[in-house]
Amino acid sequence: CGRVLYWIRCLHRPPAGWSYYAYAIQLCVGECAPPTRPVLCLIAYHLLFAMFVWSYWKTIFTLPMNPSKEFHLSYAEKELLEKEPRGEAHQEILRRAGKDLPIYTRTMSGAIRYCDRCQLIKPDRCHHCSVCDKCILKMDHHCPWVNNCVGFSNYKFFLLFLAYSLLYCVFIAATDLQYFIKFWTNGLPDTQAKFHIMFLFFAAAMFSVSLSSLFGYHCWLVSKNKSTLEAFRSPIFRHGTDKNGFSLGFSKNMRQVFGDEKKYWLLPIFSSLGDGCSFPTCLVNQDPEQPSTPAGLNSTAKNLENHPFPAKPLRESQSHLLTDSQSWTDSCTHPAKGKVGMSNPALTMENET
C-alpha cells in the first residue's frame, strides 16, 4: 500500500496539473487573457513545462546504479566471513577480497566499508539505502517526492528538475504579477478566473523561494564535488577525514556531473563521467598504501604540489576526467585489475562496519 501511495503522489501531481489549467487556459486563453502577448507567453510556458516534466520523469524512472559483480564477495569468502567473528580476522578477509578494487575510503574505525545486507564491499561514495534496501552508487539521498534514490545515475536529472521547476515557477510569478495587482485593484473581470490567478501567483512565489534555496544548495554541492551525505559526514580516507577529498576544482567538478559535451548539459540525457564505482581523488596526504615516487622524479612531484589533481587514482580508463596527460605523472600510476560492468543506473546514513 505504501508503494502504491508513493507512486500516486509521484505520477499524479495536482499542483502541476492545476497550474497548467490556471495559466494556459484561464490566464492566456480565457477572459483575462492579455490582448497582445498570449502566443509568446504560451510558447515560453510550454517550453518550460515540457523541460520540467521531462527532467522530472527521468528522475523518477532512471534506476539507481548498484555496485558491479566484482564488489560482491564470492561464496567461499562469504562462508569465511560467517565463520570468523568481527575483528582483525574479519578485516583480513575483506582486505584480501578488495586488494584489487579501486577503494580509497574507510569507516570511522579505519576498516574496509562492507555492507552486511548486500554482502559486498562498498565502492567509494556508495551507501546503503534503507528504503530501497540496496547499495546505491554515489548516493546523494532518497527523495520521497520522486520515490527514488538520487545517485550517480540520475543526479544530473535531479539537478535539472530543480532548475526547470524554479524557472517554471519564476516565469509564472513574473507574468502573473500584473494580474495579481489588478485583482486587488478590481481591474479584472468578476469571473472564476480571477481566483485562479490569485492562487497561482501565491503558489508560484512560495515554490520559487523554497526551490531557489534547494537548487542553490545543490549547486554548491556540485561545485565542491560533494553529495548530501558527504556534506553531513565527510568521507574518511586511509590517511584520515578529508572533506574535499573528491574535489578536483570547479570546472572538473562540473564536468564530472554534466559531462564533457556542453550541448547535453541542459538536457535530461545521461552524460556524467565515470562508471560510478571509482572517482578521482584529491588526497591531501600521500596514501601510505600507494607506491612511493621514485627518487629520480622528485622534482616532478614537487611541481604537482599546487596542481588540482593528486596522485593518479585507480581506473584511469574509466573516467574522461583523467584523459589529460599533463595532469598526471606515470610515477603515481596504480592500475586496478578487472573490468567494471555497468548496471542500470530523507537522507539515509548507512551502518558502516
Side-chain angles (χ1 to χ4, degrees), residues 5-61 141 143-148 150 154-222 258 265-269:
L5 291 176
Y6 268 127
W7 282 114
I8 291 176
R9 178 171 60 183
C10 292
L11 298 178
H12 182 63
R13 305 294 290 170
W18 167 77
S19 67
Y20 184 88
Y21 169 78
Y23 190 89
I25 306 301
Q26 294 290 347
L27 182 62
C28 292
V29 179
E31 296 181 12
C32 296
T36 57
R37 298 184 301 163
V39 176
L40 293 178
C41 288
L42 281 173
I43 292 175
Y45 173 81
H46 280 91
L47 178 62
L48 289 175
F49 186 76
M51 297 303 296
F52 158 68
V53 172
W54 186 11
S55 57
Y56 182 62
W57 186 271
K58 292 285 288 187
T59 305
I60 293 176
F61 290 105
H141 68 286
C143 182
W145 295 106
V146 299
N147 192 30
N148 200 3
V150 177
N154 62 351
Y155 187 62
K156 176 191 173 184
F157 306 149
F158 178 74
L159 281 174
L160 292 178
F161 164 62
L162 293 180
Y164 287 122
S165 299
L166 177 60
L167 290 175
Y168 179 75
C169 292
V170 169
F171 175 81
I172 289 178
T175 55
D176 190 32
L177 177 60
Q178 57 177 317
Y179 303 101
F180 179 75
I181 296 174
K182 288 181 180 180
F183 173 86
W184 296 104
T185 58
N186 297 320
L188 290 177
D190 191 15
T191 62
Q192 185 181 5
K194 63 187 300 184
F195 296 101
H196 285 288
I197 292 172
M198 180 185 69
F199 289 115
L200 183 64
F201 178 82
F202 270 125
M206 288 188 296
F207 275 109
S208 296
V209 174
S210 59
L211 284 170
S212 61
S213 301
L214 185 58
F215 179 63
Y217 175 67
H218 278 277
C219 287
W220 176 79
L221 289 178
V222 172
F258 291 96
W265 281 17
L266 300 181
L267 298 176
I269 299 173

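Numbers for residues simply follow the sequence, beginning at 1.
- Taken from SG in C169 to CG in L211, the straight-line distance is 5.5 Å, to the nearest 0.5 Å.
- Other residues, nucleotides and ligands contribute more than 12 heavy atoms inside 6.0 Å of the CZ atom of F201.
- A pairwise comparison of heavy atoms in N154 and T59 identifies ND2-O, 3.3 Å as the closest pair.
- Of the inter-residue distances, the one linking F61 atom CZ with Y56 atom OH reads 9.0 Å to the nearest 0.5 angstrom.
- With sequence neighbours excluded, the residues that form a side chain to side chain contact (heavy atoms under 4.5 Å, CB included) with Y20 are A24, Y45, H46, F49.
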Query raised in the report: So W57 and F157, side chain to side chain contact (heavy atoms under 4.5 Å, CB included) or not? Walk me through it.
Result: CA-CA 9 Å; W57 186 271; F157 306 149; over 6 Å; no
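- Atoms CD1 and OG, on I269 and S55 in that order, are 12.0 Å from each other to the nearest 0.5 Å.
- Closest approach of K156 to W265, counting heavy atoms only: CE-O, 3.7 Å.
- The heavy-atom pair separating M51 from L266 by the smallest distance is CE-O, 3.5 Å.
- Few gaps surround OH on Y217; more than 12 heavy atoms of other groups in view lie less than 6.0 Å from it.
- Here the closest non-hydrogen pair linking K58 and P268 is CE-O, 3.3 Å.
- With Y168 as reference, F52 is the one residue of Y23, W54, F52 to meet the ring pair (Phe, Tyr, Trp, His ring centres under 6.0 Å) rule.
- Expressed to the nearest 0.5 Å, how far CD of Q178 lies from CD1 of I197 amounts to 10.0 Å.
- Ring geometry, F161 versus F158: the interplanar angle falls from 30° to 60°, so the pair is classed tilted.
- For L167, the side chain to side chain contact (heavy atoms under 4.5 Å, CB included) criterion is met by L48, Y164, not counting sequence neighbours.
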Requested in this report: Assess whether side chain to side chain contact (heavy atoms under 4.5 Å, CB included) is satisfied between Y155 and L221, documenting all intermediate values.
Outcome: CA-CA 11 Å; Y155 187 62; L221 289 178; 4.1 Å; yes
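- In this structure, L166 CG and S210 OG are separated by 9.0 Å, a value rounded to the nearest 0.5 Å.
- With rounding to the nearest 0.5 Å, the separation of CG in L47 from CG in L42 is 12.5 Å.
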**Report entry** side chain to side chain contact (heavy atoms under 4.5 Å, CB included) between S19 and L200, intermediate numbers included
**Finding:** CA-CA 7 Å; S19 67; L200 183 64; 4.0 Å; yes
